[in-house]
**Student:** 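Here it is, the structure in full.
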There are 4 protein chains.
Amino acid sequence: MKKNKPKYKQIIDAAVMVIAENGYHHAQVSKIAKRAGVADGTIYLYFKNKEDILISIFEEKMGLFIEKINGEIAGKSTAIEKLTTLVEMHFKHFSGEQHWAVVTQLELRQSNQELRKKINEILREYLDLIDLIIIEGKQNQEFKPELDVRLARQMVFGTIDEIVTSWVMKGQKFNITANSSIVAHMLVNGLSADG
Amino acid sequence: MKKNKPKYKQIIDAAVMVIAENGYHHAQVSKIAKRAGVADGTIYLYFKNKEDILISIFEEKMGLFIEKINGEIAGKSTAIEKLTTLVEMHFKHFSGEQHWAVVTQLELRQSNQELRKKINEILREYLDLIDLIIIEGKQNQEFKPELDVRLARQMVFGTIDEIVTSWVMKGQKFNITANSSIVAHMLVNGLSADG
Amino acid sequence: MKKNKPKYKQIIDAAVMVIAENGYHHAQVSKIAKRAGVADGTIYLYFKNKEDILISIFEEKMGLFIEKINGEIAGKSTAIEKLTTLVEMHFKHFSGEQHWAVVTQLELRQSNQELRKKINEILREYLDLIDLIIIEGKQNQEFKPELDVRLARQMVFGTIDEIVTSWVMKGQKFNITANSSIVAHMLVNGLSADG
Amino acid sequence: MKKNKPKYKQIIDAAVMVIAENGYHHAQVSKIAKRAGVADGTIYLYFKNKEDILISIFEEKMGLFIEKINGEIAGKSTAIEKLTTLVEMHFKHFSGEQHWAVVTQLELRQSNQELRKKINEILREYLDLIDLIIIEGKQNQEFKPELDVRLARQMVFGTIDEIVTSWVMKGQKFNITANSSIVAHMLVNGLSADG
DNA sequence: AATGAATGAGGGTTCATTCAT
DNA sequence: GATGAATGAACCCTCATTCAT
């Protein structure tokens, strides 16, 4: 399994930094190779092409992210607690990996439609996780029973994604995690039965 | 004023079509020039560079959009009605201009950070409009008085933007305007005092 | 018509020299451009791609060659005289253009099958010219009436081509034109009725 | 002697197949190694470099070919019979080894000048064989005594080589051996005293 | 002897922009 | 103002060869 070899990780890590620093279009493969301490050609023993590096980064990071969130919310008993945890962890995750935040929120969106479709496939798993929380909340009557799951999830994801993007574009100057509970509260209100 | 000369409009209109048809990365200046019926060099008499065309497109279209929305919500007396109108018009706007929807939601996001900053400056006016509605709602006590305006606006914009993007990426197959009232309702709930 | 513009000729001439000096695979487009005194990109205003330069060279040179031979043999009354003239002119042609001889006999043959098929299409005209002489000779009874035209032409072309190639590979050291009459005589004998 | 070890043969055989199937430019060393069932590095225990594989192939195959022809013409008493036999066997040889025909007539000619010089050195032995037949024919007075041996040999080789190349380029669709006697007859006529 | 992971040099082509007319 | 021919910088990927094991 190539993914467990040390050079695979080296290249992934180098790529995140190089892309965050130079932007997607100026992240030459040769720059990534130099940063990873391998030859240019070595990249192609581990990745099909430059696009494949990007997809793999997203897969790796997103995989860990979802795993971490899944672990955390498993211990929560209500949908509201779960949603609140998800929002908190989402902000905390990016807050701790600022390079990675730039790559996710800005650089990966500059890719072509082909690539973005693949990225969306990977994102799918995260969106499904949100869907599950919403469905559970509907059944628990924590949320409105007539909630449209797709639209609800788009509100949840759209909101937190917009906040992170805005934070990244403003140079990550303020403490994004401080907003967690306010945002979670607004979202929960949005999904709950009318007052 | 260059903006009132006929060639300016010709080039803008040609650019929107060429970008929507070919995607951002294949929208060469020469293609836009040919479609506009002018020489390549003529473009540079009206625009500083290629980026400037994109920014100008966004400015033009966004300006009209904001004007239209402003006119409509001026007649509404409550913040809730205003917000609901904004959501409705946002969806209706893109629903009626599918080329433009592709350009805004997908193609323009493939531009570099520099350009995206300028796009955000233009977007600013729209975001300010949302802010005003929220502030009004807070004063009216339609919304929670302790609402964080920035976060509230990010929820509103993030939600509707995510819905439109998702609709575009899925090939604009379903009728997006049908969701207006559900989405508006969820957002209003999110901003309102707890039940 | 691009072919009549001065830069077209400049590039063609530069390409012949650069290919003859460096070999097909080491004739970088940038080298050709520099030799022609134009920018790299200018090449692509006149030629579709690198292959197209090669094909165009062959077309140009071969066209002139066939024209010259056609003019000369038009004045001859017998097939034998015509064939003799063709052999003489073939040798004389390459003898006077040593760079071009290297390109034709060695470099162009290193191209891929795709390209060689296109080269053969252009060569076709020359082969047809030989065919016509052979057919005329059969009708005149200068040559055997039962002659297989294709095989006869392959003998004629194969022979002179092999002689030129060998001369080029040996560094064009001896005077190739001195062999014209001997070769022509052998070929005529080969095509004539048995003694 | 490395040539007698089993892996040497394995690699040679694999190389012929790989080149015939993929063409010269796509016949990577790694593909040859895989087909031969050895590691990439092992190739370099038996061959100096990639070129050396090609030269060795040609040497091996050509050696067998010349041996076979030599054996056959040893039994013929006249130069004309010998030449006729050579033509027949040349066509029959390629007719029976269509992969090898592609490699010899098309793929090997795509190699660089350096390599082609070495190939010509190996071919030399075959050309010498033709020379000997011509010299014998001159002494026997079967052929013209004043014949230029080099030119005569170039006619013989050029003719049969052109016919085989043409047959290969046309996809080896017709039966090339059917032409043997016609071609041999034309060549003998070309070399014989005038009628 | 055999392996195969690692190396790293090398080049065709696009397209935003300029400037002489 | 308008033209459009000319410019030239910029980069991903392949694959023959090596060498530590």
Side-chain angles (χ1 to χ4, degrees), chain A residues 2 5-8 10-11 22 25-34 36-53, chain B residues 2 5-7 11 25-34 36-54, chain C residues 2 5-8 10-11 22 25-34 36-53, chain D residues 2 5-7 11 25-34 36-54:
Chain A
K2 287 199 165 160
K5 297 207 179 173
K7 299 215 169 170
Y8 181 86
Q10 271 168 246
I11 295 167
N22 301 278
H25 287 298
H26 295 103
Q28 296 103 320
V29 172
S30 62
K31 245 183 221 163
I32 297 173
K34 185 173 269 180
V38 301
D40 292 16
T42 305
I43 301 266
Y44 293 87
L45 296 176
Y46 293 89
F47 302 91
K48 230 174 47 237
N49 50 36
K50 191 183 173 184
E51 249 189 25
D52 190 32
I53 304 177
Chain B
K2 285 195 166 168
K5 298 214 176 173
K7 296 210 172 172
I11 294 167
H25 287 298
H26 295 104
Q28 297 98 327
V29 171
S30 62
K31 244 183 218 163
I32 295 173
K34 182 175 268 180
V38 301
D40 292 15
T42 305
I43 300 264
Y44 291 86
L45 298 174
Y46 293 89
F47 301 90
K48 222 171 63 235
N49 50 35
K50 189 183 175 185
E51 258 189 18
D52 191 31
I53 305 176
L54 290 169
Chain C
K2 286 198 165 161
K5 297 206 176 173
K7 300 215 171 171
Y8 180 86
Q10 271 168 247
I11 295 167
N22 301 278
H25 288 297
H26 295 103
Q28 296 103 319
V29 171
S30 62
K31 244 183 222 163
I32 295 173
K34 184 173 271 180
V38 301
D40 292 17
T42 305
I43 300 266
Y44 293 86
L45 297 177
Y46 293 90
F47 301 91
K48 230 173 49 235
N49 49 35
K50 191 182 174 186
E51 251 189 23
D52 191 33
I53 304 177
Chain D
K2 286 194 167 167
K5 299 213 176 171
K7 296 210 173 173
I11 294 167
H25 287 298
H26 295 103
Q28 297 99 326
V29 171
S30 61
K31 243 183 218 163
I32 296 173
K34 183 174 267 180
V38 300
D40 292 16
T42 305
I43 300 265
Y44 291 86
L45 298 174
Y46 293 89
F47 301 90
K48 222 170 62 232
N49 50 35
K50 190 183 176 184
E51 258 191 18
D52 191 31
I53 305 176
L54 290 170

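Order of the sequence lines sets the chain letters (A, B, ...), proteins ahead of strands, with each chain counted from 1. Source: prediction; values computed, not measured.
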**Student:** Would you name the heavy atoms of Ile11(B) and Ile32(B) that are closest together and state the gap between them?
**Tutor:**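 Taking every non-hydrogen atom into account, O-CG2, 4.0 Å.
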**Student:** So does Lys50(C) get a side-chain nitrogen or oxygen closer than 4.0 Å to the phosphate oxygens (OP1/OP2) of dT13(E)?
**Tutor:**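 Negative; the distance criterion is not met.
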**Student:** Please state how far atom NZ in Lys34(A) lies from atom C1' in dA9(E), giving the value in whole angstrom units.
**Tutor:**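 My rounded result for the distance is 14 Å.
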**Student:** Atom CD1 of Ile32(D) and atom P of dC15(F): how far apart are they, to the nearest Å?
**Tutor:**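 The distance from CD1 of Ile32(D) to P of dC15(F) comes to 12 Å, rounded to the nearest Å.
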**Student:** Counting only side-chain heavy atoms from C-beta out, which of dT3(F), dA5(F), dT18(E) sits nearest to Leu45(C)?
**Tutor:**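 The closest nucleotide is dA5(F).
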**Student:** Give me the ring orientation class for Tyr8(A) and Phe47(A): parallel if the planes are under 30° apart, tilted from 30 to 60°, perpendicular past 60°.
**Tutor:**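 Ring orientation, 0 to 90° scale: parallel.
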**Student:** Does His26(B), at its NE2 atom, have more than 12 non-hydrogen atoms belonging to other residues, nucleotides or ligands within less than 6.0 Å?
**Tutor:**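 No.
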**Student:** Asp40(B) has an atom CG; how far is it from atom C1' of dA20(E), in whole Å?
**Tutor:**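 Atom CG in Asp40(B) sits about 16 Å away from atom C1' in dA20(E).
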**Student:** Specify the separation, in whole Å, of atom CZ of Phe47(A) and atom P of dC13(F).
**Tutor:**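 Computing the Phe47(A):CZ to dC13(F):P distance gives 13 Å.
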**Student:** Would you mind telling me which residue lines up with the more 5' stretch of DNA chain E, Gly37(D) or Ala27(C), judged by nearest nucleotide?
**Tutor:**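 So the residue in question is Gly37(D).
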**Student:** Pick the closest DNA chain E nucleotide for Asn49(B) and for Lys48(C) by heavy atoms, then say which residue is nearer the 5' end.
**Tutor:**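 Looking at DNA chain E, the more 5' nearest nucleotide goes with Lys48(C).
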**Student:** Closest nucleotide of DNA chain F for Gly41(D) versus for Gln28(D): which of these residues is on the 5' side?
**Tutor:**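 Its nearest nucleotide being more 5', the pick is Gln28(D).
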**Student:** Tell me whether the OP1 or OP2 atom of dC19(E) has a side-chain N or O from Tyr44(B) closer than 4.0 Å.
**Tutor:**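 No.
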**Student:** Let me spell it out: for each of Val38(B) and His26(A), pick the nucleotide of DNA chain F with the closest heavy atom. Which residue's pick is nearer the 5' end?
**Tutor:**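 On the 5' side of the pair lies Val38(B).
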**Student:** Within this structure, what is the NZ-to-C1' distance between Lys31(B) and dA16(E), rounded to whole angstrom?
**Tutor:**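 Going from Lys31(B) (NZ) to dA16(E) (C1'), I get 14 Å.
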**Student:** In whole angstrom, what separates Asn22(A)'s CG from dA10(F)'s P?
**Tutor:**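 Roughly 14 Å, once rounded to whole Å.
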**Student:** State whether Thr42(D) places a side-chain N or O below 4.0 Å from either non-bridging phosphate oxygen (OP1 or OP2) of dT3(E).
**Tutor:**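 Result: yes.
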**Student:** Using a heavy-atom cut-off of 4.0 Å across all strands, would you classify Tyr46(A) as base, sugar-phosphate, or nothing?
**Tutor:**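 Sugar-phosphate contact only.
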**Student:** Is there a side-chain polar atom (N or O) of Lys7(D) under 4.0 Å from OP1 or OP2 of dA2(E)?
**Tutor:**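 Answer yes for this pair, as a side-chain N or O of Lys7(D) is under 4.0 Å from OP1 or OP2.
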**Student:** What does dT21(E) pair with, Watson-Crick or G-U, if both distances are under 3.5 Å?
**Tutor:**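 Pairing partner, where one exists within any strand: dA2(F).
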**Student:** Whole angstrom is fine here: how far is it from CD1 in Ile43(D) over to P in dT17(F)?
**Tutor:**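 To the nearest whole Å, that distance equals 11 Å.
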**Student:** I need the minimum non-hydrogen distance between Ala27(C) and Asn22(C), along with the two atoms involved.
**Tutor:**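 Looking at all heavy atoms of both residues, the shortest contact is N-CB, 4.4 Å.
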**Student:** Could you tell me the separation between the NE2 atom of His25(A) and the P atom of dC12(F), rounded to a whole number of Å?
**Tutor:**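 Atom-to-atom, His25(A) to dC12(F), this comes out as 11 Å.
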**Student:** Heavy atoms only, 4.0 Å cut-off, all strands: where does Val29(A) land among base, sugar-phosphate and nothing?
**Tutor:**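 Sugar-phosphate, backbone atoms only, no base.
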**Student:** Nearest 0.5 Å, what's the CG-CD1 distance between Asp52(B) and Ile43(B)?
**Tutor:**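 Asp52(B) CG to Ile43(B) CD1: 11.0 Å, rounded to 0.5 Å.
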